Amino acid sequence: MIDTGFGLRDINSPYSRLSPFFIHFNGVQFDKKYTAVDQIEKLGFSARDVRHIVLTHLDFDHAGGLEDFPEATVHVMQTEIETAQDRHGFIAKRRYRPEQWDEVKHWKYYSAGGEPWFGFEAVRNLDGLPPEILLIPLVGHTRGHAGIAIDTPEGWLLHAGDAYFYRHEMDSAKKSCTPGLRAYQWMMEVDRQARLLNQDRLRALSSDRNKDVRLFCSHDAIEFKAFADQSSAQNEKVHQ
């Protein structure tokens with residue numbers, strides 16, 4: 001699994017787990033059907049079937065469900081866990097919620113190294129995972145933020161996390177972003193220069209058809225639906 005979103009405990013007791021500032025600022029919808037564990041169970045699996053969770057970062061809306069999967073090993077960048085534990089400043093104290101992950105038993109921490117991936121730093125050979133799954137450091141939104149690259153039969157797929165928020169930010173001809181999302185990215189960034197540089201690099205990668213890499217981010221529902229519809233169509237072809 002990549003990230004977990006909010007968890008059952010967040011849904012049941014939001015104000016003891018999350019910052020009231022972000023609850024109201026983001027208008028969070030607390031509904032069990034949006035949790036990862038509920039969706040996993042509807043697919044016929046158990047929470048204990050999830051053995052590995054790879055995190056883009058530890059923000060409250062990405063790591064809230066970690067404790068719903070007690071058997072999972074959680075993979076994250078070393079810099080991210082260190083920053084999350086320090087929690088310096090107004091935003092950091094509210095974005096990182098140790099209550100969401102203080103019961104996690106199995107952690108694996110990583111630093112970049114080894115062979116680059118399309119010019120990006122990379123973490124290869126994640127412990128216990130196949131070599132087709134890589135962590136790609138994308139600093140800016142947080143200090144230990146990373147994308148997750150997966151080598152699929154259709155080419156590389158890159159979950160860019162919160163490196164960008166809006167699909168048209170990846171348009172090379174005329175990049176754009178809604179004012180609200182642009183302001184939110186500015187508020188949450190820890191390194192503006194690195195964030196914008198990584199967006200430029202991702203935009204170049206996305207527009208280079210020779211690279212055969214498809215990108216998506218965490219928060220664009222229309223982008224997600226397009227990928228989901230494409231995946232469903234491919235699955236139908238396989239079963240015909």
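None of these values were measured; they are calculated from a predicted model.
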Please confirm whether the backbone N or O of Asp102 pairs with a side-chain atom of Glu67, one donor and one acceptor, at under 3.5 Å? yes
Please round to the nearest 0.5 Å and tell me the distance separating atom SG of Cys177 and atom CH2 of Trp186. 14.5 Å
Side-chain heavy atoms of Phe165 within contact of Asp220, under 4.5 Å: no
Among residues two or more places apart or on two chains, list those pairs meeting salt bridge (Lys or Arg N to Asp or Glu O under 4.0 Å) that have a residue in residues 118-146. Lys108-Asp127
Holding to side chain to side chain donor-acceptor pair (under 3.5 Å), I want the full list of residues that pass it with Gln100, two or more places apart in sequence or in another chain. Asp10
When you look at CD of Gln29, are more than 12 heavy atoms from neighbouring residues, nucleotides or ligands closer to it than 6.0 Å? no
Residues that Arg209 engages under salt bridge (charged side-chain N to carboxylate O under 4.0 Å, His left out), provided they are two or more places apart: none
Derivation and outcome, side chain to side chain contact (heavy atoms under 4.5 Å, CB included), residues Lys175 and Asp200: CA-CA 10 Å; Lys175 65 177 181 179; Asp200 287 341; 4.1 Å; yes
Heavy-atom side-chain proximity of Val76 to His57 below 4.5 angstrom: no
Please enumerate all residues that pass salt bridge (charged side-chain N to carboxylate O under 4.0 Å, His left out) together with Asp171, with sequence neighbours excluded. none
From Ile148 CD1 over to Ile2 CD1, what is the distance, rounded to the nearest 0.5 angstrom? 5.5 Å
Within 45° of the axis and under 6.0 Å from the centre of the six-membered ring of Phe22, does NZ or CZ of Arg95 qualify? no
What are the two closest heavy atoms between Arg201 and Gly119, and how far apart are they? NH2-O, 2.8 Å
Do Ser218 side-chain atoms and Gly161 backbone N/O form a donor-acceptor pair below 3.5 Å? yes
Whether the Gln185 and Gln199 side chains hold a donor-acceptor pair (N or O, under 3.5 Å, no angle test) is what I'd like checked. yes
Indicate yes or no for a side-chain donor-acceptor contact from Arg167 to the backbone of Glu223 under 3.5 Å, with no hydrogens or angles considered. no
Sub-4.5 Å side-chain heavy-atom contact between Leu134 and Ile136: yes
When you measure from the side chain of Glu71 to the backbone of Arg48, do you find a donor-acceptor pair of N or O atoms at a distance under 3.5 Å? no
Do Phe118 and Asp212 come close enough that some side-chain heavy atom pair is under 4.5 Å? no
Salt bridge check, Glu103 against Arg9: does any charged N sit closer than 4.0 Å to a carboxylate O? yes
Identify the two heavy atoms, one from Arg94 and one from Arg97, that lie closest to each other, and give their separation to 0.1 Å. O-CD, 3.3 Å
Counting neighbours of CG on Leu43 that are heavy atoms of other residues, nucleotides or ligands and sit closer than 6.0 Å, is the number greater than 12? yes
Between NE2 of His52 and CG of Leu129, what distance do you get to the nearest 0.5 Å? 4.5 Å
State the CE-CG distance between Met77 and Leu138, to the nearest 0.5 angstrom. 9.5 Å
Grab the two heavy atoms, one from Trp117 and one from Val213, that are nearest each other, plus how far apart they are. CH2-CG1, 3.9 Å
Distance (rounded to the nearest 0.5 Å) between Ile23 CD1 and Leu18 CG: 5.0 Å
Which residue, Tyr164, Phe224, Phe216, forms the ring-ring contact (aromatic ring centres under 6.0 Å, His included) with His159? Phe216
Is there side-chain contact between Asp208 and Leu205, with at least one heavy-atom pair below 4.5 Å? no
Side chain to side chain contact (heavy atoms under 4.5 Å, CB included) evaluation trace for His62 with Leu55: CA-CA 8 Å; His62 292 255; Leu55 290 178; 5.5 Å; no
Given 3.5 Å as the limit, does a donor-acceptor pair link the side chain of Asp3 with the main chain of Thr56, or not? yes
If you define the side chain from C-beta out and look only at heavy atoms, does anything of Met187 sit under 4.5 Å from Phe25? yes
May I have the step-by-step check of side chain to side chain contact (heavy atoms under 4.5 Å, CB included) for Ile91 and Met188, ending in yes or no? CA-CA 7 Å; Ile91 294 296; Met188 299 299 287; 4.0 Å; yes
Close side-chain approach of His141 to Asn198, heavy-atom, < 4.5 Å: no
I'd like to know if Phe120 and Trp156 are part of one continuous hydrophobic network [Ile/Leu/Val/Met/Phe/Trp/Tyr, side-chain heavy atoms within less than 4.5 Å]. yes
Is there a path of hydrophobic side-chain contacts, each under 4.5 Å between heavy atoms of I, L, V, M, F, W or Y residues, that connects Trp101 with Phe69? yes
Side-chain donor or acceptor of Thr4 paired with backbone N/O of Gly65 under 3.5 Å: yes
For a quick check under 3.5 Å, do Ser46 and Glu41 share a side-chain donor-acceptor pair by atom type? no
Is the NZ or CZ atom of Arg17 positioned over Tyr15's six-membered ring, under 6.0 angstrom from the centre and within 45° of the axis? no
Arg203 and Glu169 ion-paired at < 4.0 Å: no
Check ion pair Arg195-Asp191 (N to O, under 4.0 angstrom): no
Sequence neighbours excluded, which residues qualify as side chain to side chain donor-acceptor pair (under 3.5 Å) partners of Asn26? Tyr184
Under a 4.5 Å side-chain heavy-atom rule over Ile, Leu, Val, Met, Phe, Trp and Tyr, are Ile11 and Val28 clustered together? yes
Is there a path of hydrophobic side-chain contacts, each under 4.5 Å between heavy atoms of I, L, V, M, F, W or Y residues, that connects Ile133 with Leu135? yes
Would a distance-only check, ignoring hydrogens and angles, find a side-chain to backbone donor-acceptor pair under 3.5 Å from Asp86 to His88? no
Report yes or no: does Arg51 contribute a side-chain atom to a donor-acceptor pair with the main-chain N or O of Thr73 at less than 3.5 Å? no
Is Phe21 atom CZ crowded by more than 12 heavy atoms from other residues, nucleotides or ligands, each under 6.0 Å away? yes
Judged by atom type as modelled, is there a donor-acceptor pair below 3.5 Å linking the side chain of His145 to the main-chain atoms of Val139? no
CG on Leu8 to OG1 on Thr35, rounded to 0.5 Å: 4.5 Å
With heavy-atom distances below 4.5 Å as the criterion, would you say the side chains of Thr83 and Thr142 are in contact? no
State whether a side-chain donor-acceptor pair under 3.5 Å links Glu80 with Tyr110. no
How far apart are the C-alpha atoms of Phe227 and Arg214, what are their side-chain angles, what is the distance that settles it, and do they pass the side chain to side chain contact (heavy atoms under 4.5 Å, CB included) test? CA-CA 9 Å; Phe227 272 87; Arg214 296 171 295 154; 3.9 Å; yes
In terms of heavy-atom contacts, Ala160 and Leu202 come closest through CB-CD1, 4.3 Å
Shared hydrophobic cluster for Met1 and Tyr34 (ILVMFWY, side-chain gaps under 4.5 Å): no
Minimal heavy-atom distance between Ala47 and Val37, with the atoms involved, is CB-CG2, 3.8 Å
Applying salt bridge (charged side-chain N to carboxylate O under 4.0 Å, His left out) to Asp61 and not counting sequence neighbours gives none
Any donor-acceptor N/O pair, Asp162 side chain to Cys217 backbone, under 3.5 Å: no
